[in-house]
Amino acid sequence: MSTELSFFTSYGKLRIPVYRVYAPPLVGIMPIPESPFTGRENTLFAYEIDVEVLGENFLPAYTRGDNSHVVATDSMKNFVLRQALEFTGSTIEEFLDLLGRRFLQTYAQMERLRLSGRELPFARVTVPGKEPGVFAASGVLFNRSHSTYAVATLAFERDDSGSVSLLDHHCGQVDMELFKVTGSSFSRFVRDEYTTLQERVDRPLFVYLDVYWKYIDDQAFLAHDHARYVPAEQVRDLLQVVFHEFVSESIQHLVHEMGQRLLARFPQLAEVSFEAQNRTRDEIVASTTDKKIKVYSDPFSAYGVIRLTVSRNA
Ligand SMILES: O=c1[nH]c(=O)c2[nH]c(=O)[nH]c2[nH]1
């Protein structure tokens, strides 16, 4: 007696590095009070791209070794790099949109696709300007920065009529590492025989933070005027300002405040979500002459995790 099996398969190419120089600048951004960011030059538009092909078309490659519907992942890498040259947009979402539509128009073998982009952040190097003692940002030299970066994922499908539609999306800013030396507390929590943690009315709060957002309407992030586009730099700056200003009772309280401020600032967003890790350091010694001066070191290696999704009610 044969057993009925079902399969879920996907294949693709991950972490395709794309360094496009002199992409069109990002302009038309609405300013917000929490951020100086109103656009970027895009002199160096650098991202890693993931291509994942979904569907059942290529199941025979697994079951019978029949590759007749398999697009080589090496060809996918070449396709992405070639499209990067023709790209006339300014954002990672526009680039993923171009890739999704072109892949599905080019390859009848592909039914559904998931495309992700991960920013490779570079900062402009500071160099002497025209006047002695005045410094300016280089227009040609960039320093790779290994810190927080933007991400985006878009999913596409081709319907029976052959037209391509966007199924799903999310955007994000990840790997923020923010240390606030004073102005956070964690107290009045459950105390029982397992509790060793002291009540802290003022603790140094160190959090690793990822934030993701979804738009109500796809056109808000795909329209070429960028009037409703939410740049990851503004989201990052807004979250930093909330952390700077807000005296929180916990990380739960802090991410809730961040979520409220983001949805208030950007009415085009449907949902924001957070994953925060508590990386607060242990106090080791404090100065006897100035109570403000203290030394901290690493805590026990397990860390607390706090998640929150805030959605707009329809
Ligand atoms: O902000 C915090 N939330 C918690 O749930 C928690 N738990 C803990 O031990 N420290 C903290 N801090």
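Both counts, for ligands and for their atoms, begin at 1 and track the order of listing.
For F189 and F186, the distance between ring centers is under 6.0 angstrom.
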### Task
Could you please spell out the steps behind the side chain to side chain donor-acceptor pair (under 3.5 Å) verdict for Q268 and Y229?
CA-CA 8 Å; Q268 62 272 50; Y229 181 67; over 6 Å; no
### Task
Could you walk me through whether D97 and L154 pass side chain to side chain contact (heavy atoms under 4.5 Å, CB included), step by step?
CA-CA 7 Å; D97 187 60; L154 272 60; 4.2 Å; yes
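Minimum interatomic distance between L99 and F79 (heavy atoms only, all atoms of both residues): O-CE2, 4.4 Å.
Sorted by chain and number, the heavy-atom contacts of ligand 1 below 4.0 Å come from F186, L197, R203, S250, I251, Q252, N278.
A salt bridge is absent between D50 and R15: the closest approach of a Lys/Arg side-chain nitrogen to an acidic carboxylate oxygen does not fall below 4.0 angstrom.
In this structure, R279 forms a cation-pi arrangement with Y303, its terminal cationic atom sitting closer than 6.0 Å to the ring centre and no more than 45° off the ring axis.
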